[in-house]
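Report on the following structure.
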Amino acid sequence: MKVLFLAAAESIHTIRWVNSLVEKGLDIVLVSLKDQRDTKNLINQKVEVIYLPFGGRLGYYLNIPFLKKIVSKEKPDILNVHYASGYGTLGRFINFDKKLLNVWGLRATSRRRFH
């Protein structure tokens, strides 16, 4: 089974997901914005990593045609999109029927205390 992940390559959550699934024998392609690279080289070498040409908030819109070409070329069984806002927005514009959206909670740095 081929799974195309659309997620931040720098995120430890993404790294754990793709590494675990590739070790279970799945064919994993990780697509990430260029400014969210795995700079520590924690992603398993068996994972194909593709960086989109645009970063930042506009990258979620500017990368639409590039992601469409990648999906067309890779022909994944499932498009697994991580995080509902940015990558969810990008994934929404891809004409692909088998999408799975993973919704993450608040980041520790953005949590607010409620009194």
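- More than 12 heavy atoms of other shown residues, nucleotides or ligands fall within 6.0 angstrom of atom CZ in Phe93.
- Judged purely by atom type and a 3.5 angstrom limit, Arg16 has no side-chain atom pairing as donor or acceptor with the backbone of His13.
- With Asp38 contributing its side chain and Ile12 its backbone, the two residues share no donor-acceptor pair below 3.5 Å.
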Checklist entry - Phe54 and Tyr61: side-chain contact (heavy atoms from CB on, under 4.5 Å), yes or no, with the steps? => result CA-CA 9 Å; Phe54 297 101; Tyr61 297 96; over 6 Å; no
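- Just one residue in the list Val22, Ile28, Ile15 forms a side-chain contact (heavy atoms from CB on, under 4.5 Å) with Ile43, and that residue is Ile15.
- Formation of a donor-acceptor pair under 3.5 Å by the Lys99 side chain with backbone atoms of Val81 is not found in this model.
- Summarising the geometry of Phe5 relative to Leu21, their closest heavy-atom pair is CZ-CD1, 3.5 Å, with the distance given to 0.1 Å.
- Distance CD/Glu48 to CG/Leu30: 9.5 Å, rounded to 0.5 Å.
- The distance from the CG atom of Leu52 to the CD1 atom of Ile64 is 11.0 Å, given to the nearest 0.5 Å.
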Next on the checklist: Please determine whether side-chain contact (heavy atoms from CB on, under 4.5 Å) holds for the pair Asn102 and Trp17, giving the CA-CA distance in whole Å, both sets of side-chain angles, and the decisive distance to 0.1 Å.
Outcome noted: CA-CA 11 Å; Asn102 292 68; Trp17 270 91; 3.4 Å; yes
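- With values rounded to the nearest 0.5 angstrom, Phe96 atom CZ is found 7.0 Å from Lys98 atom NZ.
- A salt bridge does not link Glu10 with Arg37: none of the charged nitrogens is closer than 4.0 Å to a carboxylate oxygen.
- Counting all heavy atoms, side chain and backbone alike, Ala8 lies closest to Thr14 at O-OG1, 3.0 Å.
- Panel note: side chain Asn80, backbone Leu4; no donor-acceptor pair is recorded below 3.5 Å.
- Pairing each heavy atom of Ala7 with each of His82, the nearest pair is CB-CB, 3.6 Å.
- Inter-residue side-chain proximity for Val31 and Leu67 is flagged as met; some heavy-atom pair is nearer than 4.5 Å.
- Here the side chain of Asn19 pairs a donor or acceptor atom with the backbone of Asn44 at under 3.5 angstrom.
- When all heavy atoms are compared, the tightest approach of Tyr87 to Leu33 is OH-N, 2.9 Å.
- In this structure, the separation between CG on Leu90 and CG on Leu6 is 5.0 Å, given to the nearest 0.5 Å.
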Checklist entry - What do the steps show when you test Lys75 against Lys2 for side-chain contact (heavy atoms from CB on, under 4.5 Å), and what is the final call? => result CA-CA 8 Å; Lys75 299 181 182 6; Lys2 186 177 224 179; 5.9 Å; no
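- Residues Pro76 and Val71 meet the side-chain proximity criterion, which asks for heavy atoms closer than 4.5 Å.
- The shortest side-chain heavy-atom distance between Ser32 and Val49 does not fall under the 4.5 Å cut-off.
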